[in-house]
Amino acid sequence: MKLQEYRSKEILARHGVPLVVGETATTPEAARAAADRIGGQVVVKAQVLVGGRGKAGGVKLASTPDEAEQRAREIIGLDIKGTTVKTVLVVPAADIAHEYYLGLILDRASRAITVIASAEGGVEIEETARTDPAAILRLPLHPLIGLQEYQVRRVAFFLGIPAELRRDFADVLRGTFTAFVESDADLAEVNPLVVTGDGRLLALDAKIVLDDSALPRHPDLEAMRDLNEEEPSEVAAREAGISFIKLDGTIGCMVNGAGLAMTTMDLVKLAGGEPANFLDIGGGAKADRVAAAFRIILDDPNVKAILINIFGGITRGDEVAHGIVEARAQLTRDVPMVVRIVGTNAEDAKPILAEANLITADSLDDAAAKAVAAAGAQA
Ligand code: GDP
Ligand code: MN
(Lines give C-alpha, C1' and ligand atoms only; values in the text may rest on other atoms or scores of the structure.)
(Ligands and ions follow the chains in the order given, each with its own letter.)
Protein backbone atom coordinates (compact mmCIF):
# COMPACT_ATOMS: atom_id res chain seq x y z
CA MET A 1 0.00 0.00 0.00
CA LYS A 2 1.43 3.32 -1.09
CA LEU A 3 1.07 6.28 1.25
CA GLN A 4 0.57 9.86 0.15
CA GLU A 5 3.43 12.30 0.71
CA TYR A 6 1.79 13.99 3.71
CA ARG A 7 1.08 10.63 5.36
CA SER A 8 4.64 9.46 4.73
CA LYS A 9 5.91 12.72 6.22
CA GLU A 10 3.73 12.28 9.32
CA ILE A 11 5.35 8.88 9.92
CA LEU A 12 8.92 10.10 9.31
CA ALA A 13 8.36 13.15 11.52
CA ARG A 14 7.37 10.84 14.41
CA HIS A 15 10.79 9.23 14.06
CA GLY A 16 12.68 12.49 14.24
CA VAL A 17 13.29 13.19 10.54
CA PRO A 18 13.46 17.00 10.16
CA LEU A 19 10.62 18.14 7.92
CA VAL A 20 7.49 20.25 7.81
CA VAL A 21 4.34 18.24 7.04
CA GLY A 22 2.31 21.32 6.02
CA GLU A 23 -1.47 21.42 5.53
CA THR A 24 -3.67 19.55 3.07
CA ALA A 25 -6.45 21.26 1.10
CA THR A 26 -9.11 19.99 -1.28
CA THR A 27 -10.25 23.39 -2.59
CA PRO A 28 -8.32 26.44 -3.88
CA GLU A 29 -9.89 28.53 -1.08
CA ALA A 30 -8.66 26.11 1.58
CA ALA A 31 -5.19 26.21 0.00
CA ARG A 32 -5.27 29.99 0.23
CA ALA A 33 -6.23 29.86 3.92
CA ALA A 34 -3.44 27.36 4.57
CA ALA A 35 -0.90 29.58 2.78
CA ASP A 36 -2.13 32.53 4.83
CA ARG A 37 -1.60 30.62 8.10
CA ILE A 38 1.83 29.38 7.02
CA GLY A 39 2.95 32.82 5.84
CA GLY A 40 5.62 33.69 3.27
CA GLN A 41 6.43 31.68 0.18
CA VAL A 42 4.81 28.24 -0.03
CA VAL A 43 4.84 25.21 -2.32
CA VAL A 44 1.53 23.73 -3.48
CA LYS A 45 1.90 20.00 -4.15
CA ALA A 46 -0.46 17.49 -5.77
CA GLN A 47 -1.10 14.50 -3.51
CA VAL A 48 -1.13 11.56 -5.89
CA LEU A 49 0.52 8.17 -5.59
CA VAL A 50 2.74 8.48 -8.65
CA GLY A 51 6.23 9.90 -8.98
CA GLY A 52 7.36 12.79 -11.14
CA ARG A 53 4.67 15.19 -9.98
CA GLY A 54 7.07 18.09 -10.37
CA LYS A 55 7.61 17.43 -14.08
CA ALA A 56 3.85 16.94 -14.59
CA GLY A 57 3.07 20.42 -13.21
CA GLY A 58 1.90 19.13 -9.84
CA VAL A 59 4.44 21.04 -7.68
CA LYS A 60 4.34 24.84 -7.79
CA LEU A 61 5.77 27.73 -5.82
CA ALA A 62 3.52 30.59 -4.65
CA SER A 63 4.63 33.88 -3.07
CA THR A 64 1.30 35.03 -1.68
CA PRO A 65 -1.97 33.41 -0.47
CA ASP A 66 -3.62 34.74 -3.66
CA GLU A 67 -1.05 33.01 -5.76
CA ALA A 68 -1.36 29.80 -3.69
CA GLU A 69 -5.11 29.79 -4.42
CA GLN A 70 -4.39 30.24 -8.13
CA ARG A 71 -1.78 27.45 -8.18
CA ALA A 72 -4.13 25.12 -6.28
CA ARG A 73 -6.86 25.89 -8.84
CA GLU A 74 -4.46 24.75 -11.58
CA ILE A 75 -3.36 21.62 -9.74
CA ILE A 76 -6.67 20.32 -8.32
CA GLY A 77 -8.40 18.40 -11.11
CA LEU A 78 -5.13 18.00 -13.03
CA ASP A 79 -4.55 14.57 -14.52
CA ILE A 80 -1.17 13.15 -13.52
CA LYS A 81 -0.39 9.81 -15.16
CA GLY A 82 -4.07 8.81 -15.11
CA THR A 83 -4.94 10.02 -11.60
CA THR A 84 -7.02 13.14 -11.02
CA VAL A 85 -5.64 15.34 -8.25
CA LYS A 86 -8.17 15.75 -5.41
CA THR A 87 -5.92 17.04 -2.65
CA VAL A 88 -2.95 19.39 -2.48
CA LEU A 89 -0.40 19.84 0.27
CA VAL A 90 0.65 23.39 1.15
CA VAL A 91 4.11 23.62 2.74
CA PRO A 92 6.52 26.44 3.51
CA ALA A 93 8.93 26.82 0.57
CA ALA A 94 12.53 25.90 1.27
CA ASP A 95 15.57 27.64 -0.13
CA ILE A 96 17.51 24.75 -1.68
CA ALA A 97 21.33 24.66 -1.74
CA HIS A 98 21.66 20.95 -2.56
CA GLU A 99 19.32 18.01 -3.26
CA TYR A 100 20.11 14.41 -2.23
CA TYR A 101 18.32 11.12 -2.71
CA LEU A 102 17.97 8.83 0.30
CA GLY A 103 15.92 5.66 0.31
CA LEU A 104 15.52 2.32 2.04
CA ILE A 105 14.13 -0.64 0.16
CA LEU A 106 13.51 -4.26 0.91
CA ASP A 107 15.90 -5.62 -1.71
CA ARG A 108 15.03 -9.17 -2.68
CA ALA A 109 18.31 -9.70 -4.56
CA SER A 110 20.47 -8.96 -1.50
CA ARG A 111 17.76 -10.31 0.82
CA ALA A 112 18.17 -7.31 3.08
CA ILE A 113 16.87 -3.87 3.78
CA THR A 114 19.18 -1.78 1.63
CA VAL A 115 20.13 1.89 1.77
CA ILE A 116 20.10 3.64 -1.59
CA ALA A 117 21.74 7.04 -1.65
CA SER A 118 22.82 9.55 -4.23
CA ALA A 119 24.09 13.11 -4.26
CA GLU A 120 22.17 13.51 -7.53
CA GLY A 121 18.83 13.95 -5.77
CA GLY A 122 15.66 15.62 -6.92
CA VAL A 123 15.41 13.85 -10.24
CA GLU A 124 14.05 10.34 -10.70
CA ILE A 125 16.56 7.89 -9.27
CA GLU A 126 15.75 5.37 -12.04
CA GLU A 127 17.11 7.87 -14.55
CA THR A 128 20.38 8.29 -12.60
CA ALA A 129 20.64 4.49 -12.25
CA ARG A 130 20.60 4.23 -16.06
CA THR A 131 22.89 7.11 -16.95
CA ASP A 132 25.35 7.13 -14.04
CA PRO A 133 25.14 4.01 -11.84
CA ALA A 134 28.36 4.97 -9.99
CA ALA A 135 26.51 7.97 -8.57
CA ILE A 136 24.34 5.63 -6.52
CA LEU A 137 25.36 3.82 -3.35
CA ARG A 138 23.62 0.56 -2.46
CA LEU A 139 24.33 -0.64 1.04
CA PRO A 140 22.61 -3.80 2.35
CA LEU A 141 21.98 -3.81 6.11
CA HIS A 142 22.39 -6.80 8.38
CA PRO A 143 18.98 -8.43 8.90
CA LEU A 144 19.45 -8.79 12.67
CA ILE A 145 21.83 -5.98 13.65
CA GLY A 146 20.23 -3.42 11.33
CA LEU A 147 21.73 -0.03 10.61
CA GLN A 148 25.15 0.39 12.21
CA GLU A 149 27.02 3.59 13.02
CA TYR A 150 29.83 2.97 10.55
CA GLN A 151 27.23 2.52 7.82
CA VAL A 152 25.62 5.85 8.69
CA ARG A 153 29.06 7.49 8.35
CA ARG A 154 29.73 5.63 5.10
CA VAL A 155 26.51 6.99 3.55
CA ALA A 156 27.23 10.51 4.84
CA PHE A 157 30.74 10.44 3.33
CA PHE A 158 29.49 9.03 0.04
CA LEU A 159 26.96 11.84 -0.23
CA GLY A 160 29.48 14.48 0.84
CA ILE A 161 27.29 15.75 3.66
CA PRO A 162 29.01 18.83 5.18
CA ALA A 163 30.79 17.96 8.46
CA GLU A 164 28.57 20.20 10.58
CA LEU A 165 25.46 18.39 9.28
CA ARG A 166 26.64 14.79 9.74
CA ARG A 167 25.00 14.47 13.16
CA ASP A 168 21.69 15.68 11.71
CA PHE A 169 22.13 13.35 8.76
CA ALA A 170 22.53 10.45 11.19
CA ASP A 171 19.15 11.38 12.68
CA VAL A 172 17.58 11.41 9.20
CA LEU A 173 18.94 8.00 8.23
CA ARG A 174 18.28 6.40 11.63
CA GLY A 175 14.77 7.89 11.75
CA THR A 176 13.98 6.66 8.25
CA PHE A 177 15.32 3.22 9.18
CA THR A 178 13.22 2.88 12.36
CA ALA A 179 10.15 4.20 10.51
CA PHE A 180 10.79 1.56 7.83
CA VAL A 181 11.16 -1.31 10.29
CA GLU A 182 8.37 -0.32 12.68
CA SER A 183 5.81 0.21 9.93
CA ASP A 184 6.79 -2.99 8.03
CA ALA A 185 7.56 -0.98 4.91
CA ASP A 186 8.81 -2.16 1.52
CA LEU A 187 10.11 1.32 0.69
CA ALA A 188 10.82 4.56 2.56
CA GLU A 189 12.22 7.31 0.39
CA VAL A 190 13.19 10.94 0.86
CA ASN A 191 13.73 12.69 -2.47
CA PRO A 192 14.88 15.32 -2.22
CA LEU A 193 16.59 15.52 1.12
CA VAL A 194 17.99 19.04 0.96
CA VAL A 195 20.54 21.29 2.54
CA THR A 196 18.86 24.67 2.78
CA GLY A 197 20.45 28.03 2.03
CA ASP A 198 20.80 28.65 5.78
CA GLY A 199 22.54 25.29 6.27
CA ARG A 200 19.85 22.94 7.60
CA LEU A 201 18.91 19.42 6.50
CA LEU A 202 15.27 19.05 5.53
CA ALA A 203 13.19 16.27 3.93
CA LEU A 204 11.17 17.99 1.19
CA ASP A 205 9.41 14.96 -0.24
CA ALA A 206 8.68 11.52 1.22
CA LYS A 207 7.21 8.28 0.01
CA ILE A 208 6.47 5.17 2.03
CA VAL A 209 5.15 1.90 0.61
CA LEU A 210 3.85 -0.58 3.18
CA ASP A 211 3.86 -4.36 2.96
CA ASP A 212 0.19 -5.28 2.43
CA SER A 213 0.64 -8.60 4.18
CA ALA A 214 1.76 -6.82 7.37
CA LEU A 215 -1.12 -4.32 7.44
CA PRO A 216 -3.17 -6.33 9.95
CA ARG A 217 -0.41 -5.42 12.44
CA HIS A 218 -0.95 -1.71 11.77
CA PRO A 219 -4.61 -0.63 11.94
CA ASP A 220 -3.47 3.00 12.29
CA LEU A 221 -1.57 2.79 8.99
CA GLU A 222 -4.34 0.83 7.27
CA ALA A 223 -6.59 3.81 8.08
CA MET A 224 -4.31 5.96 5.88
CA ARG A 225 -5.44 4.07 2.80
CA ASP A 226 -6.58 6.39 0.01
CA LEU A 227 -9.53 4.59 -1.61
CA ASN A 228 -9.82 7.38 -4.17
CA GLU A 229 -6.56 6.21 -5.69
CA GLU A 230 -6.99 2.47 -5.69
CA GLU A 231 -8.15 0.29 -8.54
CA PRO A 232 -11.91 -0.17 -7.69
CA SER A 233 -11.71 -3.85 -8.60
CA GLU A 234 -8.83 -4.34 -6.15
CA VAL A 235 -10.85 -2.65 -3.39
CA ALA A 236 -13.84 -4.95 -4.12
CA ALA A 237 -11.55 -7.99 -4.09
CA ARG A 238 -10.04 -7.07 -0.75
CA GLU A 239 -13.52 -6.70 0.73
CA ALA A 240 -14.45 -10.17 -0.58
CA GLY A 241 -11.26 -11.70 0.86
CA ILE A 242 -9.78 -12.40 -2.58
CA SER A 243 -6.17 -11.65 -3.58
CA PHE A 244 -6.42 -9.81 -6.88
CA ILE A 245 -4.12 -7.73 -9.03
CA LYS A 246 -5.42 -6.17 -12.22
CA LEU A 247 -3.31 -6.57 -15.36
CA ASP A 248 -3.76 -5.54 -18.99
CA GLY A 249 -4.51 -8.77 -20.88
CA THR A 250 -7.74 -10.42 -22.10
CA ILE A 251 -7.81 -13.69 -20.18
CA GLY A 252 -9.33 -13.53 -16.72
CA CYS A 253 -7.83 -16.07 -14.32
CA MET A 254 -9.59 -17.61 -11.34
CA VAL A 255 -7.31 -19.90 -9.37
CA ASN A 256 -7.01 -21.30 -5.86
CA GLY A 257 -3.58 -20.75 -4.37
CA ALA A 258 -1.05 -18.01 -5.13
CA GLY A 259 1.58 -20.35 -6.61
CA LEU A 260 -0.93 -22.03 -8.88
CA ALA A 261 -2.23 -18.59 -9.93
CA MET A 262 1.31 -17.53 -10.93
CA THR A 263 1.80 -20.77 -12.87
CA THR A 264 -1.53 -20.29 -14.61
CA MET A 265 -0.50 -16.81 -15.73
CA ASP A 266 2.82 -18.18 -17.00
CA LEU A 267 1.09 -20.85 -19.04
CA VAL A 268 -1.40 -18.37 -20.48
CA LYS A 269 1.58 -16.37 -21.74
CA LEU A 270 3.27 -19.51 -23.03
CA ALA A 271 0.11 -20.32 -24.99
CA GLY A 272 0.34 -16.88 -26.62
CA GLY A 273 -2.20 -15.02 -24.47
CA GLU A 274 -2.06 -12.23 -21.91
CA PRO A 275 -3.57 -12.62 -18.43
CA ALA A 276 -6.06 -9.92 -17.40
CA ASN A 277 -5.36 -10.44 -13.74
CA PHE A 278 -3.82 -12.41 -10.92
CA LEU A 279 -6.54 -13.90 -8.74
CA ASP A 280 -6.22 -16.26 -5.79
CA ILE A 281 -9.68 -17.18 -4.60
CA GLY A 282 -8.33 -18.76 -1.42
CA GLY A 283 -9.47 -21.94 0.29
CA GLY A 284 -12.96 -23.41 0.06
CA ALA A 285 -14.00 -21.58 -3.14
CA LYS A 286 -17.65 -21.36 -2.09
CA ALA A 287 -20.34 -20.17 -4.52
CA ASP A 288 -20.56 -16.64 -3.10
CA ARG A 289 -16.79 -16.18 -3.30
CA VAL A 290 -16.74 -17.57 -6.85
CA ALA A 291 -19.56 -15.16 -7.77
CA ALA A 292 -17.64 -12.21 -6.32
CA ALA A 293 -14.54 -13.29 -8.27
CA PHE A 294 -16.55 -13.51 -11.51
CA ARG A 295 -17.96 -10.01 -10.97
CA ILE A 296 -14.50 -8.59 -10.29
CA ILE A 297 -12.96 -10.27 -13.35
CA LEU A 298 -15.83 -9.36 -15.70
CA ASP A 299 -15.87 -5.77 -14.50
CA ASP A 300 -12.82 -5.38 -16.75
CA PRO A 301 -14.11 -4.82 -20.31
CA ASN A 302 -10.85 -6.21 -21.75
CA VAL A 303 -11.68 -9.71 -20.48
CA LYS A 304 -12.69 -11.97 -23.39
CA ALA A 305 -12.44 -15.38 -21.71
CA ILE A 306 -12.01 -16.78 -18.22
CA LEU A 307 -9.68 -19.60 -17.26
CA ILE A 308 -10.67 -21.34 -14.03
CA ASN A 309 -7.97 -23.55 -12.57
CA ILE A 310 -8.80 -25.30 -9.31
CA PHE A 311 -6.81 -27.87 -7.44
CA GLY A 312 -9.04 -29.87 -5.11
CA GLY A 313 -7.32 -30.72 -1.87
CA ILE A 314 -9.64 -30.06 1.04
CA THR A 315 -11.70 -28.15 -1.52
CA ARG A 316 -13.97 -30.67 -3.30
CA GLY A 317 -14.15 -30.45 -7.10
CA ASP A 318 -17.89 -31.15 -7.37
CA GLU A 319 -18.65 -28.37 -4.87
CA VAL A 320 -16.54 -25.94 -6.84
CA ALA A 321 -18.27 -27.00 -10.07
CA HIS A 322 -21.67 -26.35 -8.48
CA GLY A 323 -20.36 -23.01 -7.23
CA ILE A 324 -19.20 -22.03 -10.72
CA VAL A 325 -22.51 -22.98 -12.36
CA GLU A 326 -24.51 -21.21 -9.66
CA ALA A 327 -22.39 -18.07 -9.74
CA ARG A 328 -22.40 -17.94 -13.52
CA ALA A 329 -26.22 -17.93 -13.58
CA GLN A 330 -26.15 -14.62 -11.68
CA LEU A 331 -23.88 -12.84 -14.16
CA THR A 332 -25.02 -10.00 -16.39
CA ARG A 333 -22.11 -10.40 -18.81
CA ASP A 334 -20.93 -13.79 -20.02
CA VAL A 335 -17.71 -14.83 -21.75
CA PRO A 336 -16.38 -18.30 -22.68
CA MET A 337 -15.15 -20.12 -19.60
CA VAL A 338 -12.55 -22.86 -19.58
CA VAL A 339 -12.51 -24.95 -16.43
CA ARG A 340 -9.82 -27.26 -15.21
CA ILE A 341 -10.52 -29.01 -11.94
CA VAL A 342 -8.16 -31.70 -10.64
CA GLY A 343 -7.80 -33.46 -7.31
CA THR A 344 -10.53 -34.43 -4.87
CA ASN A 345 -13.84 -35.33 -6.62
CA ALA A 346 -12.59 -34.03 -9.99
CA GLU A 347 -14.47 -36.89 -11.74
CA ASP A 348 -17.74 -35.80 -10.13
CA ALA A 349 -17.15 -32.25 -11.33
CA LYS A 350 -17.04 -33.22 -15.02
CA PRO A 351 -20.72 -33.97 -15.69
CA ILE A 352 -21.77 -30.84 -13.79
CA LEU A 353 -19.52 -28.67 -15.95
CA ALA A 354 -20.46 -30.45 -19.18
CA GLU A 355 -24.16 -30.01 -18.51
CA ALA A 356 -23.62 -26.26 -18.00
CA ASN A 357 -21.81 -25.97 -21.36
CA LEU A 358 -18.51 -24.98 -19.85
CA ILE A 359 -15.35 -25.80 -21.76
CA THR A 360 -13.34 -28.33 -19.78
CA ALA A 361 -9.70 -29.32 -19.93
CA ASP A 362 -7.68 -32.09 -18.34
CA SER A 363 -4.27 -30.48 -18.33
CA LEU A 364 -3.27 -26.91 -17.60
CA ASP A 365 -1.54 -26.64 -21.00
CA ASP A 366 -4.76 -27.70 -22.64
CA ALA A 367 -6.80 -25.25 -20.53
CA ALA A 368 -4.50 -22.36 -21.37
CA ALA A 369 -4.60 -23.15 -25.11
CA LYS A 370 -8.41 -23.37 -25.05
CA ALA A 371 -8.73 -20.09 -23.13
CA VAL A 372 -6.39 -18.31 -25.55
CA ALA A 373 -8.35 -19.69 -28.53
CA ALA A 374 -11.69 -18.68 -26.97
CA ALA A 375 -10.46 -15.16 -26.23
CA GLY A 376 -9.11 -14.85 -29.77
CA ALA A 377 -12.47 -15.89 -31.23
CA GLN A 378 -14.20 -13.18 -29.15
CA ALA A 379 -11.88 -10.36 -30.13
P1 GDP B 1 8.09 14.89 -7.13
O2 GDP B 1 8.38 15.52 -8.45
O3 GDP B 1 6.78 14.16 -7.15
O4 GDP B 1 9.19 14.01 -6.65
O5 GDP B 1 7.91 16.09 -6.06
P6 GDP B 1 8.98 16.79 -5.09
O7 GDP B 1 8.32 17.16 -3.84
O8 GDP B 1 10.21 15.97 -4.95
O9 GDP B 1 9.34 18.14 -5.85
C10 GDP B 1 9.97 18.15 -7.09
C11 GDP B 1 11.00 19.25 -7.15
O12 GDP B 1 10.38 20.49 -6.88
C13 GDP B 1 12.10 19.13 -6.11
O14 GDP B 1 13.13 18.27 -6.52
C15 GDP B 1 12.56 20.56 -5.99
O16 GDP B 1 13.49 20.86 -6.99
C17 GDP B 1 11.29 21.34 -6.22
N18 GDP B 1 10.75 21.75 -4.91
C19 GDP B 1 9.96 21.04 -4.06
N20 GDP B 1 9.75 21.70 -2.92
C21 GDP B 1 10.45 22.87 -3.01
C22 GDP B 1 10.68 23.98 -2.15
O23 GDP B 1 10.21 24.04 -1.02
N24 GDP B 1 11.47 24.99 -2.61
C25 GDP B 1 12.04 24.95 -3.85
N26 GDP B 1 12.79 25.96 -4.24
N27 GDP B 1 11.85 23.93 -4.69
C28 GDP B 1 11.08 22.90 -4.29
MN1 MN C 1 10.36 13.83 -5.06
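Start at 1 and go down the list; that is how both ligands and their atoms are numbered. As the structure is a computational prediction, the values presented were derived from the model and not from experiment.
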* **Asp365 side chain to Ser363 side chain, donor-acceptor N/O pair below 3.5 angstrom** => no
* Name of whichever N/O/S atom of Asp205 is nearest to the Mn ion (ligand 2) -> OD2
Protein contact of [atom] - nearest heavy atom, named by residue and atom, plus distance:
| atom | answer |
| --- | --- |
| atom 24 (N) of ligand 1 | Ala94 O, 2.8 Å |
| atom 3 (O) of ligand 1 | Arg53 NE, 2.6 Å |
| atom 20 (N) of ligand 1 | Leu204 CD1, 3.6 Å |
| atom 27 (N) of ligand 1 | Ile96 CD1, 3.4 Å |
| atom 11 (C) of ligand 1 | Glu99 OE2, 4.7 Å |
| atom 7 (O) of ligand 1 | Lys45 NZ, 2.5 Å |

[X]/[Y] ion pair, N-O < 4.0 Å:
| X | Y | result |
| --- | --- | --- |
| Arg333 | Asp299 | no |
| Glu164 | Arg200 | no |
| Lys207 | Glu5 | no |

* Output the distance between atom CZ (Arg14) and atom OG (Ser183), rounded to the nearest 0.5 Å. =>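 If I round to the nearest 0.5 Å, the distance is 9.0 Å.
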* Considering the options Arg225, Lys2, Lys246, which one meets the salt bridge (charged side-chain N to carboxylate O under 4.0 Å, His left out) requirement together with Glu230? ->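 Option passing the salt bridge (charged side-chain N to carboxylate O under 4.0 Å, His left out) with Glu230: Arg225.
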* Within reach of ligand 1, part of Val91 (heavy-atom separation under 4.0 Å) ->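 The answer is neither.
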* Asked: Of Glu67, Gln70, Glu69, which meets side-chain hydrogen bond (donor to acceptor under 3.5 Å, both in side chains) against Arg32?
  ->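 Only one option passes, and that is Glu69.
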* Return yes or no for this condition: an N or O of Gly51 is under 3.5 Å from an N or O of ligand 1. =>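 Such a contact does not occur with ligand 1.
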* Please indicate, with yes or no, if any protein heavy atom is found under 4.0 Å from atom 17 (C) of ligand 1? =>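 Neighbour list for atom 17 (C) of ligand 1 is empty of protein heavy atoms (cut-off 4.0 Å).
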